[in-house]
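For reference, the structure discussed in these notes is given below.
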Amino acid sequence: MKIMGFKEEINRRRTFGIVSHPDAGKTTLTEKLLLFGGAIQEAGAVKSNKIKKTATSDWMEIEKQRGISVATSVMGFDYNGYKINILDTPGHKDFAEDTYRTLTVVDSVIIVIDAAKGVEEQTRKLMEVCRMRNTPVIVLINKMDRPSQDPFDLLDEVENQLNIHVTPLSWPIGNGNTFQGVYNIFEKKLLLFNPNEKVTDHNSVLFDDVNNEEIRDYIGNSVDQLRSDLELVHGVYPEFDLEEYRSGSTAPVFFGSALNNFGVKELLDCFVQIAPPPQPKQAAERKVDPFEEKFSGIVFKIHANMDPRHRDRIAFVKVVSGTFRRNTNYLHVRHQREMKFPSPTAFMASKKSIIDEAYPGDIVGLHDTGNFKIGDTLTENEILNFKGIPTFSPELFKYVVNTDPMKSKQLAKGLEQLTDEGVAQLFTGTLTNRPIIGTVGALQFEVIQYRLLHEYGASCRFDPIELYKTCWIRCKDKKILDDFKQRKYKNMALDKEGNDLFLADSPYALQMAQDKFPEIEFFFTSEFK
Ligand code: G4P
């Protein structure tokens with residue numbers, strides 16, 4: 001007998017990602033959240049799976065760790081009746097594209113910022129990705145136990161650099177050595193910090209009114225500063241507005257210290273209340289609502305097995321609508337073929353288990369032998385193509401040169417499959433007909449070379465190519481487009497789907513092309529398609 005209805009199951013789900021510039025405290029926060037959910041028993045469990053910063057040049061090590069991290073790709077747990085799914089996003093910048101893709105299937109995001117460093121480069125980039133679909137974000141300003149920037153300055157920085165309004169929902173009292181705690185504006189209570197003590201309910205005190213003189217007993221004369229700060233906060237920042245947050249225009253901000261587990265429970269308690277449940281998703285054909293009865297889902301990540309004897313992979317599917325069921329026939333839309341899955345897995349904390357059912361917001365791992373590529377849709381017979389797993393213009397480019405003529409088929413197949421997995425992007429130069437690999441990080445070239453050899457028996461080398469950026473181009477006027485392609489024939493390429501790409505060899509060349517051909521639209525993600 002069903003204990004909970006389909007609607008309740010959807011409404012209690014919160015599927016989100018945590019992002020940060022490396023070192024701001026994403027892993028630490030994830031771990032503390034899992035501790036609250038009872039999903040792990042001890043600190044260190046997530047940490048041990050993290051890609052170690054010291055190993056940046058040793059990609060084998062990184063891949064090994066990525067192999068282990070399959071289990072932590074999705075961390076599901078129950079908390080106060082909510083089902084929480086944290087989707088892991090690699091912090092390593094060479095795997096940024098994995099992160100971008102994951103962000104396209106989350107319903108909200110928590111951004112962690114280091115209170116001493118403020119907004120950093122990776123945070124800005126990730127925020128741009130959130131902005132593409134107005135994903136609601138909550139900001140945690142972390143490491144308040146360390147000397148920090150002024151909280152007002154930090155809020156200004158978030159507003160200006162991340163281009164979003166802010167509403168502080170907690171306020172710090174001091175920082176570093178003088179850090180005494182935070183005033184939780186959302187719940188109107190004082191939370192006291194003691195670096196040597198685990199946070200329990202005992203050190204939070206309810207105060208409806210900060211003018212209550214009893215606060216002085218807890219934080220001494222800091223109360224004067226707190227009061228004047230809060231007065232300013234109320235004067236400058238708008239009250240929290242759920243709609244503003246959910247539409248992605250205002251970010252609620254919390255202050256805390258993830259390492260000390262301070263302010264994390266408050267963040268989580270607020271998060272489950274305000275963060276959106278699974279949202280509708282746009283397909284090329286129509287918008288799909290999670291509450292629809294029929295199942296649909298999208299593949300957003302493919303993880304290769306590290307064992308070279310088994311060239312199998314796990315495709316991660318986000319359930320968009322309906323109930324996913326084990327051993328049931330679903331339509332693989334791109335292949336126009338029915339498929340069923342005898343052993344779909346769900347991810348609860350660091351454990352994988354076979355499941356019979358999954359609901360919108362859940363992530364299901366499907367065993368794959370090369371049928372899937374990123375962006376694929378599964379449905380109950382309807383033709384749907386979900387939008388919104390964009391390909392981003394890569395930053396590094398190289399020609400692929402086959403070094404074993406006997407293995408050209410294997411090389412082609414390997415390149416096709418690895419790029420389906422999203423390891424890198426594959427283009428073909430129009431003039432040269434040579435394959436070009438584009439990546440976000442340098443490590444991917446090594447990954448590709450190694451995997452081609454070990455999984456496909458193909459060997460290759462990479463030749464340099466002078467390229468600044470690739471961009472997809474489009475123009476309503478076919479004549480102008482053809483003229484452009486003809487003039488720039490040396491700099492044209494096709495992507496895997498046959499879309500036209502302009503290969504700009506310098507920022508100047510790109511600017512020139514844009515100036516000379518104002519009718520042509522230049523796109524830096526494939527989202528326009
Ligand atoms: P990341 O995933 O965003 O890259 O960051 P991570 O959680 O790994 O945190 C980076 C470093 O910052 C870690 O120290 C971590 O212990 C520390 N840290 C995280 N939150 C806080 C906080 O609230 N206060 C203070 N003072 N430090 C914090 P590390 O020395 O690099 O790693 P470890 O050796 O401690 O594991």
Side-chain angles (χ1 to χ4, degrees), residues 16-36 40 42-56 61-62 65-66 68-69 72-73 75 86-96 98-99 102-103 109-127 129-130 137-149 151 154 158 162 170-182 191-199 203 253-268 350 441:
F16 73 108
I18 304 177
V19 300
S20 75
H21 190 87
D23 258 2
K26 180 178 79 89
T27 314
T28 312
L29 176 65
T30 308
E31 197 162 274
K32 300 299 169 185
L33 292 176
L34 291 180
L35 281 168
F36 278 118
I40 51 170
E42 56 188 298
V46 179
K47 199 97 192 172
S48 59
N49 282 343
K50 191 179 158 177
I51 294 172
K52 291 194 182 69
K53 297 153 221 160
T54 47
T56 43
E61 191 50 37
I62 288 178
Q65 293 185 33
R66 263 160 59 84
I68 300 165
S69 74
T72 59
S73 286
M75 290 159 279
I86 307 181
L87 306 200
D88 191 29
T89 53
H92 197 292
K93 81 170 182 11
D94 282 10
F95 294 101
D98 267 8
T99 300
T102 299
L103 290 184
V109 158
I110 293 181
I111 295 181
V112 184
I113 289 173
D114 184 322
K117 295 183 181 153
V119 174
E120 294 171 89
E121 190 200 345
Q122 198 64 9
T123 326
R124 275 191 291 275
K125 279 197 182 167
L126 293 164
M127 183 66 204
V129 180
C130 295
V137 302
I138 295 180
V139 174
L140 171 68
I141 297 190
N142 189 32
K143 305 196 187 181
M144 288 306 300
D145 58 311
R146 291 247 189 97
S148 314
Q149 292 184 36
L154 283 164
V158 172
L162 299 186
S170 78
W171 195 258
I173 304 159
N175 66 70
N177 285 338
T178 65
F179 186 53
Q180 287 177 287
V182 295
L191 199 63
L192 296 167
F193 177 67
N194 179 346
N196 306 314
E197 194 179 78
K198 272 196 153 184
V199 177
N203 51 16
V253 180
F254 285 85
F255 292 83
S257 168
L259 186 64
N260 293 289
N261 211 348
F262 187 81
V264 176
K265 186 171 181 294
E266 287 61 34
L267 172 70
L268 180 60
S350 50

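When a ligand or atom number is given, it counts from 1 through the structure's own listing order. Along the sequence shown, the residues carry numbers beginning at 1. As the structure is a prediction and not an experimental result, all values here were calculated from the model.
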* Side-chain contact, heavy-atom cut-off 4.5 Å: E120 with D23? -> no

* Asked: For ligand 1, which atoms sit closer than 4.0 Å to a heavy atom of P22?
  -> 4 (O)

* Examine the proximity of ligand 1 to N142 and report which part, side chain or backbone, both or neither, has a heavy atom under 4.0 Å away. => side chain

* Verdict with reasoning, D88 to K26, per side chain to side chain contact (heavy atoms under 4.5 Å, CB included) -> CA-CA 10 Å; D88 191 29; K26 180 178 79 89; 3.3 Å; yes

* What atoms of ligand 1 come closer than 4.0 angstrom to any heavy atom of S257? -> 22 (C), 23 (O), 24 (N)

* Asked: Can an N or O of G25 be found at a distance shorter than 3.5 Å from an N or O of ligand 1?
  -> yes

* Please identify which atoms of ligand 1 are closer than 4.0 Å to at least one heavy atom of S20. => 3 (O)

* Please could you name the atoms of ligand 1 that L259 approaches to less than 4.0 Å, counting only its heavy atoms? => 16 (O), 20 (N), 21 (C), 22 (C), 23 (O), 24 (N), 25 (C), 27 (N), 28 (C)

* Asked: What pairs with D145 under salt bridge (Lys or Arg N to Asp or Glu O under 4.0 Å), at least two apart in sequence or on another chain?
  -> none

* **4.5 Å side-chain heavy-atom contact, L33 and I18** => yes

* Of the side chain and backbone of R146, name the one, both, or neither that has a heavy atom under 4.0 Å from an atom of ligand 1. => side chain

* For A258, atoms of ligand 1 separated by under 4.0 Å from a heavy atom -> 23 (O)

* Asked: So which of L259, V264, N260 actually passes side chain to side chain contact (heavy atoms under 4.5 Å, CB included) with F262?
  -> N260

* Structure fact -> Numbered in order shown, the ligand 1 atoms found under 4.0 Å of a heavy atom of K26 are 1 (P), 2 (O), 3 (O), 5 (O), 7 (O)

* **Qualifying residues under side-chain hydrogen bond (donor to acceptor under 3.5 Å, both in side chains), relative to Q180, sequence neighbours excluded** => S222

* Can you find a pair of side-chain heavy atoms, one from L267 and one from L29, that are under 4.5 Å apart? -> yes

* To do: Provide the closest heavy-atom pair for F36 versus K265 in the form atom of the first, atom of the second, distance.
  => CZ-CB, 3.5 Å

* Short list, please: which atoms of ligand 1 are under 4.0 Å from a heavy atom of T28? -> 6 (P), 7 (O), 9 (O), 15 (C), 19 (C)

* **D145, portion touching ligand 1 at heavy-atom distance under 4.0 Å** => side chain

